[in-house]
Amino acid sequence: MVLAIWVVFERQRYQIRGGWLALLLGVVPGVAVGFALYLLMRQRQLKGSGIV
């Protein structure tokens with residue numbers, strides 16, 4: 001549940017794309033896989049936009 005709230009919040013704040021994939025993987029294989037994937041996608045996108 002926390003992962004879903006975080007993904008939705010950051011989608012609105014930083015326009016992070018692909019969060020739905022992390023949510024899907026959070027349900028099927030497990031939250032650890034979805035969380036790790038989301039962090040990787042988030043880091044790449046924020047690095048590319050110059051925020052991080």
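No experiment lies behind these values; they were computed from the predicted model shown. Values below: all heavy atoms of this structure, side chains included; hydrogens, waters and symmetry mates excluded.
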Asks: Main chain of Leu40, side chain of Gln45: is a donor-acceptor contact present, judged purely on distance under 3.5 Å?
Replies: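 Pair absent, no side-chain N/O of Gln45 close to backbone of Leu40.
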Asks: Other than Ile5, what residues sit in its cluster of Ile, Leu, Val, Met, Phe, Trp and Tyr side chains whose heavy atoms are under 4.5 Å apart, directly or through others?
Replies: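 Same cluster as Ile5: Met1.
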Asks: Could you check whether any side-chain heavy atom of Ile16 comes within less than 4.5 Å of a side-chain heavy atom of Tyr38, counting everything from C-beta outward?
Replies: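 Counting from C-beta outward, Ile16 and Tyr38 do come under 4.5 Å.
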Asks: Do Trp6 and Arg11 come close enough that some side-chain heavy atom pair is under 4.5 Å?
Replies: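 No. Closest side-chain heavy atoms not under 4.5 Å.
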Asks: Establish whether Leu24 and Val8 are linked, either directly or via other cluster members, by ILVMFWY side-chain heavy-atom contacts under 4.5 Å.
Replies: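 No; Val8 is not reachable from Leu24 via cluster members.
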Asks: In this structure, would Phe35 and Tyr14 fall into the same cluster of hydrophobic residues linked by side-chain contacts under 4.5 Å?
Replies: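 The answer is yes; both residues are in one hydrophobic cluster.
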Asks: Can you tell me how far CH2 of Trp20 sits from CG of Leu25, rounded to the nearest 0.5 angstrom?
Replies: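 Output value for this atom pair is 8.5 Å.
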Asks: Going hydrophobic residue to hydrophobic residue with side-chain gaps under 4.5 angstrom, can you get from Phe9 over to Val2?
Replies: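 No; Val2 is not reachable from Phe9 via cluster members.
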Asks: According to a hydrophobic-cluster definition based on side-chain heavy atoms being under 4.5 Å apart (Ile, Leu, Val, Met, Phe, Trp, Tyr only), do Val27 and Leu3 belong together?
Replies: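 No; Leu3 is not reachable from Val27 via cluster members.
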Asks: Honestly curious: do Met41 and Leu39 fall in one hydrophobic cluster under the side-chain, below-4.5 Å linking rule?
Replies: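 Both belong to a single hydrophobic cluster.
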